[in-house]
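The next block holds one structure in the form of structure tokens; read it before the comments.
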Amino acid sequence: MRTSQVLIPTLREDPVEAEIVSHRLMLRAGMIRKVAAGIYTYLPLGLRVIRKIENIIRQEMNRAGAQEILMPILSPAELWRETGRWDFYGKELLRCQDRHDRDFCFGPTHEEVITDLFRREVRSYRQLPLNCYQIQTKFRDEIRPRFGLMRGREFIMKDAYSFDRDEESARVSYQKMYDAYERIFTRCGLNFRPVEADNGMIGGSMSHEFMVLAETGEETILYEEGGTYAANVERAEVLPPTDVSTDQPLPLETVSTPGMKTVEDVCKFLSLTPDHLVKTLLYQTPDNTIVAVLVRGDHEANEIKVNRLLGTTEIILADPEIVTKVTSAPVGFAGPVGLKNIRIVADQAVQGMKNFVVGGNANDTHFLNVNCDRDFQVETFADLRQAKAGDPSPRTNAPLSSAKGIEVGHVFLLGTKYSEAMGANFLDDQGKDTMAIMGCYGIGVSRTAAASIEQNHDAKGMIWPTPIAPFHVHLLPVTNSELVQETTETLYQSLIEAEIEVLWDDRDERAGVKFNDADLIGAPYHVTIGDKGLKNGVIEIKHRRTGEMVKVAPSEATSYLSQHLASL
RNA sequence: CGGGGCGUAGCGCAGCCCGGUAGCGCGCCUGCUUUGGGAGCAGGAUGUCGGAGGUUCAAAUCCUCUCGCCCCGACCA
């Protein structure tokens, strides 16, 4: 393709709106342009990358036995009402009405639509397992879209859905997708890591996220160095504490702590370390009951774990008025001692503590030498805190490290959540009506492109892994002599015949401009053709990633490039 | 939704405090020269100053309302 005939509006300067490197470089390289917050047009270069990723996904999904379909973007409210998600999904679900005032939504995911298809069309266990996927534009009205393609409101997603006759078979389907995802992200040239994850609002029993490791990632993962355990921090289990205090209980004391509202304040004031305190967090459940959650002063509560324990979905920290009403004190002085008619649950670490400090449920007051059972009753002790770097791995006890990751893929074993709600049944080999066991599997296609840039760039621009590069070779004639023109033309034809994807910079620009744009766009190989080289019978081939430069005769260039591209 | 910030030419910005009828760099167009890491000279085009209302002889500038965008947070299959 010739640069003069493709829309590649490169920018010299960084657009001010772009904060992270992938967003900045995609804008500068003319790959994307913003239409509205979180909504982008893919220009030719950007679309080529997207298509490359899609094709890798297609090949691997097909290889794994999934079949491609295409569901509509709009779906009727009735389907979403059947599963309760019309209300549950909240504002993230973009809704609209047709001319008859019927409710529709723009699909953020397609469990309802595919399950409806299944219940209509599948009758027998002989048709199972079934796995259908699509690659399609999704819409989620994110609270805060950001970072270009990283968190858009409209984005391209591959979503797959499996239906199985039983749990065992469903696990096989799940594993096939897991394996396919590993191949997909490996082929995309990404440094990634599968981690255990929470199922969140989509439901189900087992889940892994595929995280591209990058500092700009919005997710935190915990993992064993060189080990097998890795989990999203939301999910990571914490082992019960081994350090159980054997101190003798001391008499309860009241202490005045004027204005000491934070763990830090209280510790400083009492000359204690935070692990001698217990924080009391008051949470409000959706039905407006208040639950006190106790965690050690140096720990953070994990709301997902609390939700799981309480069987709720959306607890929120109680607002200050409620806290004042419940504890008779401003926020900062809540404690479990003397709390009436409130459920108290505690992190397991609290169980082993003796003579700790808690809020006094009165302004400027704390209690010293507090002990469970003697001073208050805990309904349940459980793993309720956020795991952190340094905690022992729940598998091997080895200390966990933490890293930032970009979630590019997510696989779920859903169980019967949707098949039950929507009646997705089939007849098993005994002629018995049976609910299908479902799984669902997503890949953020556009996010994968952005994630790849986060991992593959330098100060001058992008460095595409060959399988998803918009072009393999960037052809750069840098002088205007007839010899250069002829050599370029001949090489261009030769590369095309060899099925190498080549971008020929045929603009009347100076060498520097071409070199800089080429570095920005980041094709794996740059071929420079100029009189300086041709005088010695050579052209120059630069490896974008390493900067390595080789000189070859023009007639040798195609075979050199073919060989190097094939080896990847 | 809470906090912070920004809307002036395609991009990056100045002008605003202290009102006087819009400017700089890059890009774009024409010509000549130049041509191996973002060329030089000459000439040229491009703005409802985000929008609406108000104050004023006069508004990019002051006031009110409004829309959009970015960042942090809450949220997130």
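All chains are named by letter (A, B, ...) in the order of the sequence lines, taking the proteins before the strands, and each is independently numbered beginning at 1. Basis for what follows: all heavy atoms, side chains included, without hydrogens, waters or symmetry-related copies. This one's a predicted model, so the numbers in the text were calculated from it and none came from an experiment.
Here A:H23 pairs with A:Y40 under the ring pair (Phe, Tyr, Trp, His ring centres under 6.0 Å) rule; sequence neighbours left out. Considering only residues two or more places apart in sequence or on other chains, A:D519 meets the side-chain hydrogen bond (donor to acceptor under 3.5 Å, both in side chains) condition with A:K542. Judged as a side-chain hydrogen bond (donor to acceptor under 3.5 Å, both in side chains), and not counting sequence neighbours, the contacts of A:S173 are A:D164. In terms of the salt bridge (Lys or Arg N to Asp or Glu O under 4.0 Å) criterion, A:E540 has no residue partners (sequence neighbours excluded). With sequence neighbours left out, A:F118 forms a ring pair (Phe, Tyr, Trp, His ring centres under 6.0 Å) with A:F163. Listed by chain and number, the residues in a side-chain hydrogen bond (donor to acceptor under 3.5 Å, both in side chains) with A:E209 are A:N232 (sequence neighbours excluded). Residues passing the side-chain contact (heavy atoms from CB on, under 4.5 Å) test with A:A292 are A:T280, A:L282, A:L339, A:I342, A:I344, sequence neighbours excluded. Taking the side-chain hydrogen bond (donor to acceptor under 3.5 Å, both in side chains) definition, one finds that A:T262 meets it with A:D265, sequence neighbours left out.
Comparing the C1' positions of B:rC49 and B:rU61 gives an interatomic distance of 10 Å, to the nearest angstrom. Nucleotides B:rC62 and B:rA14 have their P atoms positioned 15 Å apart, rounded to a whole Å. Taking atom C1' in both B:rU34 and B:rC41, one finds a spacing of 11 Å when rounded to whole Å. For the P atoms, the distance from B:rC26 to B:rC72 is 33 Å, rounded to whole Å. Taking the P atoms as reference points, B:rC24 lies 15 Å from B:rG15, given to the whole Å. Taking atom P in both B:rG3 and B:rG10, one finds a spacing of 33 Å when rounded to whole Å. Comparing the C1' positions of B:rG7 and B:rG50 gives a spacing of 6 Å, expressed to the nearest Å. Spacing of C1' atoms, B:rU21 relative to B:rA59, comes out at 9 Å, to the nearest Å.
The CZ-C1' distance, from A:F88 to B:rC76, rounds to 12 Å in whole Å. Atom CE of A:M150 and atom P of B:rC70 are 15 Å apart (whole Å). Atoms NZ (A:K542) and P (B:rG36) sit 17 Å apart, rounded to a whole Å. Put simply, CG on A:L7 is 18 Å from P on B:rG27, counting in whole angstrom units. Atom CG of A:D508 and atom C1' of B:rU35 are 9 Å apart (whole Å). For A:H23 and B:rC70, the NE2 to C1' distance is 10 Å, given to the nearest whole Å.
Side-chain contact check for A:E154 and A:T137: no donor-acceptor pair (N or O, by modelled atom type) lies under 3.5 Å. Side-chain atoms of A:Y418 and A:R85 include a donor-acceptor pair closer than 3.5 Å.
A distance below 6.0 Å separates the ring centres of A:H543 and A:Y525.
The listed nucleotides are B:rG37, B:rC70, B:rG36; the one nearest the side chain of A:E17 is B:rC70.
When both distances must be under 3.5 Å, the Watson-Crick or G-U wobble mate of B:rU35 does not exist. Across all strands shown, B:rC17 has no partner, as no Watson-Crick or G-U wobble contact with both distances under 3.5 Å is found.
Within 3.5 Å, no donor on the side chain of A:D531 pairs with an acceptor on the base of B:rG36, nor the reverse.
Along RNA chain B, the nucleotide closest to A:E219 and the one closest to A:V16 are compared, and the more 5′ of them pairs with A:V16. Along RNA chain B, the nucleotide nearest to A:A36 and the one nearest to A:T528 differ in position, and the one closer to the 5' end is contacted by A:T528.
A:G530 comes within 4.0 angstrom of a nucleotide base, judged by non-hydrogen atoms across all strands. Within the nucleic acid shown, A:K34 comes within 4.0 Å of sugar-phosphate atoms alone, with no base atom in reach, counting heavy atoms only. Among the atoms of the strands shown, none is found under 4.0 Å from any heavy atom of A:K535. Within 4.0 Å (heavy atoms only), A:G90 reaches no atom of the nucleic acid at all.
Of the residues in residues 67-79 of chain A, not one places a heavy atom less than 4.0 Å from an atom of RNA chain B.
Ring orientation note: the planes of A:Y178 and A:H208 are nearly perpendicular, at an angle over 60° on the 30°/60° scale. Ring geometry for A:F412 against A:H410 counts as parallel: the plane angle stays under 30°, on a 0 to 90° scale with 60° as the upper cut. The aromatic rings of A:Y441 and A:Y174 sit tilted, their planes meeting at an angle between 30° and 60°.
Taking a cutoff of 4.0 Å between a charged side-chain nitrogen and a carboxylate oxygen, A:K305 and A:D383 qualify as a salt bridge. Under 4.0 Å is where a charged nitrogen must lie from a carboxylate oxygen, and between A:R24 and A:E19 no such pair does.
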Look for any protein N or O under 3.5 Å of an N or O in nucleotides 72-75 of chain B and output each such pair with its distance, or none.
unit_1 : atom_1 : unit_2 : atom_2 : d
B:rC72 : OP2    : A:R144 : NH1    : 2.8
B:rC72 : OP2    : A:R144 : NH2    : 2.6

Write down the protein N/O and nucleotide N/O pairs, taken from nucleotides 23-25 of chain B, whose separation is under 3.5 Å; answer none if there are no such pairs.
unit_1 : atom_1 : unit_2 : atom_2 : d
B:rG25 : N2     : A:E13  : OE2    : 3.0

Annotated protein contacts, base or backbone, on nucleotides 38-47 of chain B with a non-hydrogen cut-off under 4.0 Å, one of B, S, - each: BB--------
